There are 2 protein chains.
Amino acid sequence: MLTTKGELLLRINSLKEPTTTVDLAEATSVSQQSVSRLLIDLAAEGLIIKKPLVHGLELRLTSKGLNVIASLAARLEHALGKGGRLTGKVETGIGEGKYYLSMEQYKEKLAVLLGASPYPGTLNVRVEETEKETFLARLPLFEVPGFEDGQRTYGPIHFYPVSVAGHDCGIVVPVRTSHGQGLVELVAPFNFRKTLGLSEGHEVAIEARR
Amino acid sequence: MLTTKGELLLRINSLKEPTTTVDLAEATSVSQQSVSRLLIDLAAEGLIIKKPLVHGLELRLTSKGLNVIASLAARLEHALGKGGRLTGKVETGIGEGKYYLSMEQYKEKLAVLLGASPYPGTLNVRVEETEKETFLARLPLFEVPGFEDGQRTYGPIHFYPVSVAGHDCGIVVPVRTSHGQGLVELVAPFNFRKTLGLSEGHEVAIEARR
DNA sequence: ATTACTAGGGGACGAGTAT
DNA sequence: TATACTCGTCCCCTAGTAA
């Protein structure tokens, strides 16, 4: 998605020490020769400062180079929307999650991620599918592995740490299902309906934890 | 800086209405023919859904396509330092962590947080105390509870999900100890020294996960 | 060791055009 | 009108190698 020049700019920005064309070539999956040529180009464009050392090169971005990265970041930010929070409405529904939460193998691991044993039921929240995708894409992802019990196999679950009204909880996504189309399932060590007084149709704001 | 495919993905993401290859060609400064070909490629890669209309095309990003954009945005944010990053130098250490990692009770829970069983040793990194505080304050926190074994009691551990050089790992902080001052201990399902070639004095950049 | 020049090959691009 | 196929050109990349 990024051009090789873009990849190089990004690498160079996070460098604190001198490097070599060979190292950069490895990091960016292009040849040493290409790195050499591209660095010459970037320097000619005024995006980087290149200083040859006895052993390798000292590279640093110019403010112009930094601007290139910053403005691209801004474009992406804008395209993705702000996305720091996900809002939706509570929906009564048979959470597939409730079923999963009855399995000891999942429960134990979710307990670690939640800090306490999960309440045996999930809160279903109806959200915008696209907002959901961008929101989740920015959160750290934990995978709760699947298992077999001799009868059948149970697939892995993805867990995203979030919070609702200041209470830590998590979004669970059974990996196998073709994503619950605009629905998220929240799991927590407490009963959402009682503790937070939530029920059918209530607006809920889900935020990244912390 | 973005490849033409990247430009197209970005345009398509912000589209709400059908469009034509000619319009996209103008917007991206490539030929209509190239747009046509690239859209076919993007669809084949599963990044977009392309539906021909009588007049033009209906284009939409798949969640995979959206993820491509979102993860690029995250990379740029990190590169710009907005996402927070903590740098320091590897220190050969006393390895209090190694002791903890020998306890089955901690190991199991760390395995859930790491996605695999922890390597029985930690990487100690010397950092700026204040930078450490602000960095950790922005990360989600997981608490691994303590326990007793009849002999003595073992205190809880705080776990922060981070990544080093693209590898998911975690910062562990024994809650009780105060002598962490400017030192962080990294735990991972692999051997830092071998896998990342890190040793005494090496510079390490610790980033928020994702 | 390094960087970087030269030569050659492959892939991306666009003009023309079928549909 | 559209999209998209064919094909010739050119650009970018890498291998070899000089410095």
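For clarity, every value in this text was computed on a predicted model and none was experimentally measured. Residue numbering restarts at 1 for every chain, and letters A, B, ... go by the order of the sequence lines.
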Sugar-phosphate, base or nothing in reach of A:Leu57, heavy atoms under 4.0 Å = sugar-phosphate

Whole-Å gap separating [atom2] ([N]) and [atom1] ([X]):
X       : N      : atom1 : atom2 : value
B:Leu42 : D:dA4  : CG    : P     : 13 Å
B:Lys5  : C:dG11 : NZ    : P     : 13 Å
A:Glu58 : C:dT3  : CD    : C1'   : 16 Å
B:His55 : D:dT3  : NE2   : P     : 8 Å
A:Leu39 : C:dT3  : CG    : P     : 9 Å
B:Ile40 : D:dT6  : CD1   : P     : 11 Å
B:Leu8  : D:dT3  : CG    : C1'   : 15 Å

Keeping to residues at least two apart or across chains, list the salt bridge (charged side-chain N to carboxylate O under 4.0 Å, His left out) pairs with something in residues 32-46 of chain B.
->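 Of all non-adjacent pairs touching residues 32-46 of chain B, those that pass salt bridge (charged side-chain N to carboxylate O under 4.0 Å, His left out) are B:Lys5-B:Glu45.
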
ring-ring contact (aromatic ring centres under 6.0 Å, His included) between A:Phe147 and A:Tyr154, intermediate numbers included | CA-CA 5 Å; A:Phe147 58 93; A:Tyr154 296 85; 4.9 Å; yes

Should B:Lys50 be listed as having a side-chain N or O under 4.0 Å from OP1 or OP2 of D:dA4?
->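 So the side-chain polar atoms of B:Lys50 do come within 4.0 Å of the phosphate oxygens OP1 or OP2 of D:dA4, strictly under.
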
Taking only the side-chain nitrogens and oxygens of B:Ser36, find out if one of them lies under 4.0 Å from OP1 or OP2 of D:dT3.
->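 It does not, given that no N or O in the side chain of B:Ser36 lies less than 4.0 Å from OP1 or OP2 of D:dT3.
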
To the nearest 0.5 angstrom, please state how far the CG atom of B:Leu2 sits from the OG1 atom of A:Thr3.
-> 7.5 Å

Could you check A:Thr92 against A:Glu200 for side-chain hydrogen bond (donor to acceptor under 3.5 Å, both in side chains), going step by step and ending with a plain yes or no?
-> CA-CA 6 Å; A:Thr92 50; A:Glu200 176 79 16; 2.8 Å; yes

Sub-4.5 Å side-chain heavy-atom contact between B:Lys89 and B:Val204 | no

Does the gap between the ring centers of A:Tyr106 and A:Phe159 come in under 6.0 Å?
-> no

Encode nucleotides 7-19 of chain D as B, S and - characters from 5' to 3', where the letter depends on protein heavy atoms closer than 4.0 Å: B to the base, S only to sugar-phosphate, - to neither.
-> ------BBBB---

